[in-house]
Structure formats: structure tokens, C-alpha cells
Amino acid sequence: MEIIENPTIYLERMQKGSSEKMFWAEMILGDINTLIDFGAGDGSLFEWTDKISKQEIRKIAIENNEVFVEMLKDKSFETVRQVEELSELEIDWEHTVVIFSSVIHELFSYLQDEEAKRIIQAIQKMRPVYICVRDMIYTEKEKRSKSLAVQFNNLIKDHECSTLAQSFTDYWGAIENDVQAKHFLLKYKYVENWQREMQENYLPKSDVEIIDLFVQNEYETLYSRIYTNDFIKNQIEKDYACHFEGPTHLQLIVQKKG
């Protein structure tokens, strides 16, 4: 895994769209007393929660990036580095939510599929009452479509981002369908940490595959939404003068059955 060359800018980008990332709060916040954030970064999600919550909520971060672990210590949040360490804590799982915000794609980008699935299953075995997911996705329809890819390939040669696009295709291969085009268009703005972002797979799983990871065994869907992030869409269309219509994200809440 490439290091984060500029953690400050990385975190600034991650902190945007807080209302979109807090989609779960209105529906379930009143039912929980413990919030676990997988890949908590600097703890921004905890701070957003404090701004809208009327009750005291225990906050536990799962984070193993050394820079972010130090930030979490400074803010006095409970922190563990691995999922397995949660078993050492006294947690009221019947009133606990685990959040996966923009981290599922990282799990499947940097780990083998089976290891990423094992981590998700380890959380499920602890039986939190809710698990919430927000991440980038593609659809199977986009794998068969070439409309965005054609637009992109026609304009990128003379575009100011042509060098970025070349490094992307050198690493990922030619852009031949809409999933591949969207993959580049979701990351081209992250030039400050480009080497890391370019190599990270933003779209390892489809919407259906992510839902299937979580809606199984003892869990059922409480809420699911597949949508296009308007800010991203507008930025892409402004920068590339193309028509962008594919969905960008999934929001999902699963709850323990019974």
C-alpha cells in the first residue's frame, strides 16, 4: 500500500459531504449507545455525531494508520487497531452500530478477497444491531455500456488531465467500458496523493456484490439507496464537457433479524 503523502489534504477531502455520510443517523441514532467506526481516520464521524446527538454515545475507532492513530489519541477516542481487539472490550452489541464509510473499496483493494470478507464476517459474528455502509459502486449494466468510455477517449488526448489518464491506463489498462471510465473520473481530482489514489481500486465490487456481503445470515436490509453524487457529477461534467449519468454510491443499513 502506498503511503498517504499529504494526510491533511487527504482528510479534508474525506470530510466533505458529511450529511451524505451521516445518512444513517436519523433512522437509527436513537436506538444505539455505541458507535464503532471502521477506518475512522481522524474521528470526524464521531465529531459529526456529537453535533446532532442528544444522548451520550460511546465511540470506538478501528484504525491502524499510524498518523491517524495519533490524531485519535489526541482526541481521546477509544481506539483499536484490529477487529479482533473488540472482543476484549465490554460492548453492548444490542445497541451498537458499526459504520463502514468509504472503506469497503479499500479492504478489497489492499487485501485478498477472502481476507476482506473475513473481516466483515468477524464484525457480523459480534452481532451489532446495525451495520451501515457507504461506498462507491458500479452496476453490471455499466460493464456492458461504452457510452461514457467513448466520450472520455474522444476528449482525453488533448485534455489537461491527459498525463494522469495515461498513468491510470498504464496501471489499469485501456478504458473500454463505462466502469473503467468512471473509475478514473472518480479519482482524477486527488493529485496530491495521486500515486496512492491511482493504484487504489475504487470500484472492486458492484452494488449487488456489496449488498450480498452484508445481507446474509442474521442480517436483513433496513435501508438501501443507489444514487449519483451530484457534486461529483457536476464537477466531472464541468471539467470534461461530457454527460455523466451512472450511479456513484451505495448507502446501506442492515439490521440484525429479530
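Bear in mind the structure is a predicted one, so any value in this text is a computation, not a measurement.
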Over all atoms of both residues, closest heavy-atom pair of Val179 and Thr139: CG2-O, 4.3 Å
Sidechain N-carboxylate O distance under 4.0 Å for Lys59, Asp50: yes
Min side-chain heavy-atom separation Tyr130-Thr96 under 4.5 Å: no
Stepwise salt bridge (charged side-chain N to carboxylate O under 4.0 Å, His left out) check, Lys189 with Asp239: CA-CA 10 Å; Lys189 293 298 257 183; Asp239 289 346; 3.4 Å; yes
Note: Glu84-Arg118 ion pair, threshold 4.0 Å (strictly below): yes
Lys/Arg N to Asp/Glu carboxylate O, Lys256 vs Glu220, below 4.0 Å: no
Minimum side-chain heavy-atom gap Ile156-Ile175 below 4.5 Å: no
Ring pair (Phe, Tyr, Trp, His ring centres under 6.0 Å) contacts in which one or both residues fall within residues 25-47, not counting sequence neighbours: Phe38-Phe100, Phe46-Phe77
Any side-chain donor near an acceptor of the partner, Glu142 and Asn177, under 3.5 Å: no
Minimum heavy-atom distance His249-Met136, with the two atoms named: NE2-CG, 3.6 Å
Closest non-hydrogen atom pair between Asn217 and Gln124, with its separation: ND2-OE1, 4.5 Å
Pair Glu176 + Lys146: basic N to acidic O under 4.0 Å: no
Salt bridge (charged side-chain N to carboxylate O under 4.0 Å, His left out) evaluation trace for Glu47 with Lys75: CA-CA 10 Å; Glu47 294 168 345; Lys75 296 179 180 181; 3.1 Å; yes
Qualifying residues under side-chain contact (heavy atoms from CB on, under 4.5 Å), relative to Val129, sequence neighbours excluded: none
Heavy-atom pair of closest approach, residues Cys132 and Phe23: CB-CZ, 4.4 Å
Salt-bridge criterion met for Lys205 and Asp212 (N-O under 4.0 Å): no
Side-chain donor-acceptor contact under 3.5 Å, Tyr110 with Glu200: yes
Worked check of salt bridge (charged side-chain N to carboxylate O under 4.0 Å, His left out) between Arg81 and Glu85: CA-CA 7 Å; Arg81 293 173 180 266; Glu85 294 176 49; over 6 Å; no
Nearest non-hydrogen partners of Ile104 and Asp135, listed with the distance: N-OD2, 2.8 Å
Non-neighbouring partners of Arg58 that pass salt bridge (Lys or Arg N to Asp or Glu O under 4.0 Å), sequence neighbours left out: Glu78
